[in-house]
Protein chains: 2
Amino acid sequence: MTDFLPPIQTTARDDAVLKALAGFVRQEALGPGEKLPTERILAERLKVSRNTVREALTRWEGLGLVERRQGSGTYLKAAVSPDMLHMPLTLAGGNDFAGLMSTLEIRRALEAEAAALCAIRAGKVELAEIERKLDLMEEAFQTRAGMSSDEDWEFHQAIFRASGNPLFEQIIAAMYEMFHRFWEHPLGVRDFGHASFPYHRTIFNCIAARDPDGARREALKLIATVEDDLKRGAANLKLSDRR
Amino acid sequence: MTDFLPPIQTTARDDAVLKALAGFVRQEALGPGEKLPTERILAERLKVSRNTVREALTRWEGLGLVERRQGSGTYLKAAVSPDMLHMPLTLAGGNDFAGLMSTLEIRRALEAEAAALCAIRAGKVELAEIERKLDLMEEAFQTRAGMSSDEDWEFHQAIFRASGNPLFEQIIAAMYEMFHRFWEHPLGVRDFGHASFPYHRTIFNCIAARDPDGARREALKLIATVEDDLKRGAANLKLSDRR
DNA sequence: GTGGTTCAATGGTCCAACCAATTTCTGCAC
DNA sequence: GTGCAGAAATTGGTTGGACCATTGAACCAC
């Protein structure tokens, strides 16, 4: 029935280039930040035109695997291995309050699951890293008397990384990006995110205590506070000028 | 403190090309399957080299937005609008089993949430549509004596659409795609997904009864059966030949 | 040391040509 | 007119070579 016949590949120069390059990276054990060979050298070694090399590198650049700096060189931005699977995720959403709430609904689902998984899987080093980020965030909260989105985000990222599933971090990063794209104006809410502060510590406590259900519950509470803030902001907007 | 100085953008030809092209697509109201202008024409109109046009199109091709067919032309593969967010997902290394489990963990979180939201928000027409898909799936199950992934997927999609949040469908579609790309071999499990069958009906019943918690619970059960199938398959693999 | 200057290396862009796959047109046989 | 094989035009893929813009290191004057 499912006689799936993949179309034969008659030409795939740039794919071949990428395969060769991935093999090279592994053989040389290159890590993030390290420099790749010059485009001209690659072209010469692989016996292809420099244009073809460039198209291949453009692909990798689009995937965020590589960064090109004019006048300097091409540098690895992430770990790269020959057996990687890429899946482009394109998100389209309304640029309005509904769009913000949509990203939060995704976050609610994923943050809860990630926190629970983290409570199960996090090792000692991951746990220490999460606590470090938590301390940094709480310190920033004290000194600046308010939530700091950078430190806050890094705390959550540490949890996603410790969940043992890289997709959590990547997908929620997309949500975060969308959220901040819509987030042009503070919606008139002062101390946005203030209410979420205590739950960071409670989430961590549950994770450290290996309590998945507790971690999930506290993560849900945290997102709930953000949703409340957002609704307050939307109410404010309806009362004042509407663009 | 936060003296953030973003690096100034000195050149961005291909980005400019893509912006112009996105505008063109919107103006002409081009949809998936329709043909874009020739590379040569684009180069001439935009006053850039064909090389630059090609690099830009290579980007879009990498994002799955466009398909290039030699001798024929370049065709839109997905809806494209100027304000879309692209985030390539990368699943590195790991064997097939780990990748499959990663996508299932995301599905577990999102399907449960989507089912719950659906139970709250679905209108009459959405409910009828879900039930129609459910009937189709059950019919296919009877006639073919086994799960049919197409009808199964359409049922789930109907739920996501009725959740009122377009992100659910977009993200889980990516997970689904990834899952099937890992799915090279049936892992030696006969009647894969068979155990998940009854839960489709129970999920629908909970949604129709406006029972969010029940819908979430049944959705979790469904994913659990798939995870079990997968683990059985992985155990089989370990016993037999390992490539 | 500090601050310019020079210069080679490197990615970014351009051009013109040709290759390979596809589509369209043409003309012949029927 | 119809059908079909072959020619011709179209279109993406590749090549080679050239030049521009940026970077970074070496060098120099102060």
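Here is how names work: the chains are called A, B, and so on, in the same order as the sequence lines, proteins then strands, and each is numbered from 1. Keep in mind the model is a prediction, meaning the values are calculated, not measured.
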Test of understanding: with salt bridge (Lys or Arg N to Asp or Glu O under 4.0 Å), list the residues that count as partners of B:R45, not counting sequence neighbours.
none
Tell me every residue that passes side-chain hydrogen bond (donor to acceptor under 3.5 Å, both in side chains) with A:E139, counting only those two or more places apart in sequence or in another chain.
none
Sequence neighbours excluded, the answer for side-chain hydrogen bond (donor to acceptor under 3.5 Å, both in side chains) partners of B:R107 is B:E111
For A:E39, what residues pass the salt bridge (Lys or Arg N to Asp or Glu O under 4.0 Å) criterion, not counting sequence neighbours?
A:R50, A:R54, A:R68
A:T90: side-chain hydrogen bond (donor to acceptor under 3.5 Å, both in side chains) partners, not counting sequence neighbours:
none
Taking only heavy atoms on the protein side, list every residue of residues 16-33 of chain A lying under 4.0 Å from any atom of DNA chain D, sorted numerically.
none
Using the C1' atoms of the five pairs at each end, what is the angle between the end axes of the helix from C:dG1-D:dC30 to C:dC30-D:dG1, to 10°?
10°
So if I define the base as every atom that isn't primed, P, OP1 or OP2, how would nucleotides 10-17 of chain C read as a B/S/- string at a heavy-atom cutoff under 4.0 Å?
BBBBBB-B
Using modelled atom types and a 3.5 Å cut-off, is there a donor and acceptor pairing between side-chain atoms of B:E34 and backbone atoms of B:G31?
yes
Can you name the salt bridge (Lys or Arg N to Asp or Glu O under 4.0 Å) partners of B:D83, sequence neighbours left out?
none
For A:D152, the salt bridge (Lys or Arg N to Asp or Glu O under 4.0 Å) test, sequence neighbours excluded, returns none
Please identify each residue that fulfils ring pair (Phe, Tyr, Trp, His ring centres under 6.0 Å) with A:H200, with sequence neighbours left out.
A:F155, A:H156
Please identify each residue that fulfils ring pair (Phe, Tyr, Trp, His ring centres under 6.0 Å) with A:F197, with sequence neighbours left out.
A:F141
